[in-house]
Amino acid sequence: MDKYNLTHLDELESESIFVIREVAAQFERPAILFSGGKDSIVMTHLAKKAFWPARIPFPLLHIDTGHNFQETIDFRDDLVKELGVKLIVGSVQESIDNGRVTEEKGYNASRNLLQTVTLLDAIERNKFDCCMGGGRRDEEKARAKERFFSHRDEFGQWDPKNQRPELWNIFNGRKHMGEHFRVFPISNWTEMDVWQYILKESVPMPSIYYTHQREVFNRDGTWLAAAPFMKLKPNEHTEIREVRCRTIGDISCTGLSLSTANTLEEIIAEIAATRVTERGSRADDLRSEAAMEDRKKEGYF
Amino acid sequence: MTEFSSKGYLDMELLRFTTAGSVDDGKSTLIGRLLYDSKSIFEDQLEAVKRASIQRGNEYINLALITDGLRAEREQGITIDVAYRYFATPRRKFIIADTPGHVQYTRNMVTGASTANAAIILIDARNGVTEQTCRHSYIASLLQIPHIVVCINKMDLVEYKEEVFLSIRKTFDEFARLLELRDYSFVPISALFGDNVVEQSKKMDWYSGGTLLEVLEHVPINHDYNLQDARFPVQYVIRPISDEFHDYRGYAGRVDGGIFKPGDKVVVLPEMHKTSVKSIDACERQLDSAFPPMSVTLQLEDDIDVSRGDMIVKENNLPQISQDLVVMMCWMNPRPMQLNGKYALKHTTRDVRCIIKEVHHKVDVNTLTKIEGDLEVKMNDIAKVSIRTTKPLFFDSYSRNRRTGALVLIDEGTNETVGVGMIE
């Protein structure tokens with residue numbers, strides 16, 4: 001490699017840090033949307049690097065469905081303590097209790113969709129004018145059209161056909177009262193980039209990304225974790241298997257892979273050989289062709 | 001994917017390219033083919049495309065469907081907005097800015113072109129060089145995309161004949177001279193059947209050049225940035241509130257040009273304060289140099305007042321400093337540009353306001369001629385205009401530096417990005 005040439009991971013890191021600093025410069029009350037998944041962890045790591053030796057100048061916002069893996073919550077609390085940042089939790093359970101949303105019924109009931117209302121409420125209550133998300137364009141076809149700086153109207157809606165042009169590294173974060181932005185600093189990263197970066201930087205990850213024994217059941221070819229709120233169909237039964245998470249979301253819609261990968265190197269080798277996308281196991285995306293597009297328009301992550 | 005190794009992955013380069021073609025030139029099919037043949041399509045994505053192809057009654061798997069993102073695009077079989085795609089070979093990682101080819105969407109091509117190292121321009125072998133080819137090449141040259149790959153597609157429909165390829169190449173050569181295109185090459189392909197996309201074609205023995213993927217893997221990208229003129233727009237000031245770093249004051253930003261080293265004598269614009277670089281910090285590491293497009297934090301020797309929008313440069317190499325600029329403007333909004341109108345202007349990390357003083361001429365992008373009669377600048381128009389800013393900008397010509405030579409205009413009422421400019 002040439003002396004004054006960056007590797008692609010260095011270039012991606014530099015781009016993301018630029019975007020995160022731009023958020024700090026252009027907005028008054030930004031927040032990091034933190035799910036406890038690898039993408040939001042990497043984004044938080046990049047934010048730490050962007051402002052070193054100062055602290056990250058914004059809080060983490062976690063939308064808690066109440067159906068989380070405990071390991072994720074523990075990891076989140078440790079990270080917040082280490083970084084010395086504020087944590088704000090928006091609770092879906094609270095939205096249900098307050099009658100803001102109605103819980104879905106049936107076997108495939110998930111709180112995933114309900115999160116949108118809780119998220120928009122949390123944005124309004126805390127007067128956030130910008131939320132940074134770990135969304136990546138390679139994840140899903142509607143995300144491929146997303147800008148780094150994505151404008152949301154006063155209803156929190158995304159209008160994909162009327163997005164602001166985004167050129168060079170000039171980002172337009174101007175908005176009217178009541179509107180906000182979603183910013184995606186790692187837009188240009190792929191799943192493989194994220195894992196390679198985690199390896200290169202030794203970024204700590206929640207234990208459930210590595211192989212562990214768990215009580216699981218199989219539904220329509222997808223392995224799901226057993227939990228008190230997961231209703232089994234008559235033909236389904238739970239068993240103990242060696243699994244790991246490829247993505248981390250709400251328990252009700254996070255498919256687990258049967259895997260013995262115990263190190264980052266093994267995870268990377270596994271991903272390199274995989275022939276299914278990471279969202280291929282996400283029940284929330286399999287609902288219809290345009291499931292993600294529809295949720296995003298309404299204000300989803 | 002089979003030759004995968006983590007070590008190799010850490011040495012890969014990044015190439016950003018954009019694709020331009022008219023509606024039926026087979027652009028989506030080409031991208032689908034690149035992704036498919038480089039094994040970047042996953043089984044669930046392929047299954048979805050197979051299902052959709054059968055549903056539409058296509059005879060074969062319609063690879064174009066891979067790139068359709070939004071519901072309206074699938075329904076109407078068109079591309080509405082810039083979409084970004086990713087794939088990698090052991091040598092490089094690629095980011096494709098996939099832009100629509102319709103006339104009314106010129107603004108999207110300009111958008112995709114703004115960050116590209118290379119452009120693929122598609123030509124239908126049956127039609128040869130058309131007005132659209134002209135428009136796409138002009139935009140590529142206007143946005144100063146360093147490398148252009150002309151793909152002559154649908155060779156299967158002209159029986160893979162060398163004469164067709166040679167004749168199109170000759171026409172394009174003549175026209176490239178007009179545009180002063182420097183680095184361009186030609187590849188005859190059939191995106192539909194995969195000839196010369198990733199796999200070498202067996203039907204075009206007369207072609208001895210590389211496949212499209214080989215060309216993309218070897219386009220030189222190490223000189224795409226300006227390494228001569230040191231430019232560091234200050235993005236954010238870092239002042240920790242802690243005992244350990246009580247006196248720390250760092251200027252965060254991205255290097256837009258040149259090479260900075262500790263000890264360099266620098267000048268901070270606009271105040272023209274002279275000082276030198278104390279250290280270049282990247283989190284806990286201190287670096288011995290910083291160059292484009294690195295994001296770093298500079299500490300300076302002297303305690304001077306520096307804020308966002310200032311620019312750190314070297315004493316013997318100042319940018320242009322002026323409130324009066326001549327700009328090639330591409331208009332991006334349905335509301336036409338207002339002569340004598342005022343707009344918010346973003347340039348590097350600097351925010352100012354500006355007024356449109358004069359429209360010199362528009363460019364007919366299909367014939368490359370000047371339009372001097374009708375000077376109303378509407379959506380998708382490209383025009384040479386003079387503007388005056390409320391405060392001086394520190395800039396270089398766009399042809400010298402794509403970062404310090406670029407600006408955007410914002411409507412102060414709607415907050416929309418309405419115009420993008422390249423400084424002459």
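Naming: A, B, ... by sequence-line order, numbering from 1 per chain. Model, not experiment: these values are computed from the prediction.
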K.L.:
Please name the pair of heavy atoms, one in A:N188 and one in B:K93, separated by the smallest distance, quoted to 0.1 Å.
P.N.:
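In terms of heavy atoms, the two residues are closest at O-NZ, 3.0 Å.
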K.L.:
If you define the side chain from C-beta out and look only at heavy atoms, does anything of A:W168 sit under 4.5 Å from B:R403?
P.N.:
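When only atoms from C-beta onward are counted, B:R403 and A:W168 do not touch, as no gap falls below 4.5 Å.
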K.L.:
Would you mind checking if B:R16 and A:E15 are paired as a salt bridge, meaning a charged N to carboxylate O distance below 4.0 Å?
P.N.:
yes
K.L.:
Tell me, for B:L407 versus chain A, whether the close heavy atoms (under 4.5 Å) come from the side chain, the backbone, both or neither.
P.N.:
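Backbone only.
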K.L.:
Does some side-chain heavy atom of A:L6 sit less than 4.5 Å from a side-chain heavy atom of B:P293?
P.N.:
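Yes; the side chains approach each other to less than 4.5 Å.
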K.L.:
Strictly distance-based, threshold 3.5 Å: is any side-chain N or O of A:S14 a donor or acceptor partner for the main-chain N or O of B:S295?
P.N.:
yes
K.L.:
Start with the C-alpha gap between B:N415 and A:H176, add the side-chain angles, then the distance that decides, and say whether side-chain contact (heavy atoms from CB on, under 4.5 Å) holds.
P.N.:
CA-CA 8 Å; B:N415 290 330; A:H176 294 291; 3.8 Å; yes
K.L.:
Which region of A:S187, side chain (C-beta onward) or backbone (N, CA, C, O), has a non-hydrogen atom less than 4.5 Å from a non-hydrogen atom of chain B, or is it both or neither?
P.N.:
backbone
K.L.:
Closest heavy-atom contact between B:T414 and A:R164?
P.N.:
O-NH2, 4.1 Å
K.L.:
Can you list every side chain to side chain donor-acceptor pair (under 3.5 Å) pair that touches residues 232-245 of chain B, not counting sequence neighbours?
P.N.:
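Listed once each, the pairs are A:E22-B:Q235.
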K.L.:
Give, as side chain, backbone, both or neither, the part of B:L15 having an atom under 4.5 angstrom from any heavy atom of chain A.
P.N.:
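No part of B:L15 comes within 4.5 Å of chain A.
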K.L.:
Which heavy-atom pair separates A:R147 from B:V82 by the least distance, and what is that distance?
P.N.:
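Closest approach of A:R147 to B:V82, heavy atoms only: NH1-O, 4.4 Å.
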K.L.:
Using non-hydrogen atoms only, which part of B:V418 is less than 4.5 Å away from chain A: side chain, backbone, both, or neither?
P.N.:
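For B:V418, there is no contact with chain A at all, as no heavy atom is under 4.5 Å.
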K.L.:
So, the side chain of B:S114 versus the backbone of A:L167: is there a donor-acceptor pair under 3.5 Å, distance only?
P.N.:
no
